[in-house]
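Counting starts at 1 for both ligands and their atoms, following the listed order.
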Amino acid sequence: MTSPFLLRIASYVAVLTGLLFCERVAPFAAPEQRKPFRVRFHVGISIANSLILYLLISWPTFTALTYAQGHNIGLSRVLGLSGWREIVATVIVFDLWDYGMHLANHRIGLLWRFHKAHHSDMEIDVTTASRFHIGELIISGGVKCLVILLWGPSLWGLVAFDMLLTTFSQFHHSNVAIPLGIQDTLERVIVTPRMHRCHHSLHRECYVANFSAIFSVWDRIFRSHHRARGVDELERVGLVKPRGEETMRLRAFLLTPFVKG
Ligand SMILES: [Zn+2]
């Protein structure tokens, strides 16, 4: 049987490599920071986060999963879902949960303190998808255990969601010059780089919009979608403060939640 763990690592590395190549050949915005440094900094954070999550969250996640399966609880079982239908439904339900979690990260002060570390990146590229504060990941991992108990997914349903979430996060953070006409078409179904770059932009209509991760439909349903009208709306990304070199220093990154402003 294929290991879900190895499958996720292989997918992460393959997508990262492919998008780094595309960003080199056809970047959307001219990069200012050195790419090898950005790769080392953000992939290093991601490796450390994965190890900590493995120690702290994998056991509660597995326990919630096996408890729901063992006691036959969860809405997916009430609905009688199994096989590929359950996997598709699990991806959709957890993508909706991720939309709600992302919205909460922006609306609730305590959660924003942690999510701010992701938004403090002054460039957006595929490596930004690996830039998350461990505090945010522990909190969302804990909430996800509750969603597992409520929904009752299969292991492969959950693996499919996790892999798609990582892949789409890498894709929609990527700095690739995909023609905007093509992105308009794609954006009817999935989150595109233009749509998510808008979420990272300092433009007043952008940074309060576009919280979806895989399917763009959630932003349309909950009226948080914004289509950037011009490239100027996408130019200035990051936060008002901090800016500059400190956004790429590990100590400052880790202390982000504890610094005022
Ligand atoms: Zn955000």
Closest to the Zn ion (ligand 1), among the N/O/S atoms of H106, is atom NE2
Charged N to carboxylate O below 4.0 Å: is that the case for D184 and R194? yes
H115 atom (N/O/S) at minimal separation from the Zn ion (ligand 1): NE2
Ion pair R227/E187, N-O distance below 4.0 Å: no
Under 3.5 Å, is there a donor-acceptor pair linking the side chains of H199 and H102? yes
Nearest 10° is fine: what angle sits at the Zn ion (ligand 1) between NE2 from H199 and NE2 from H119? 90°
Does H118 put an N, O or S atom under 2.8 Å from the Zn ion (ligand 1)? no
Report yes or no: does H200 have an N/O/S atom closer than 2.8 Å to the Zn ion (ligand 1)? no
Side chain proximity check, S216 to I190, heavy atoms < 4.5 angstrom: no
Note, Q170 side chain near T166 side chain (heavy atom, < 4.5 Å): yes
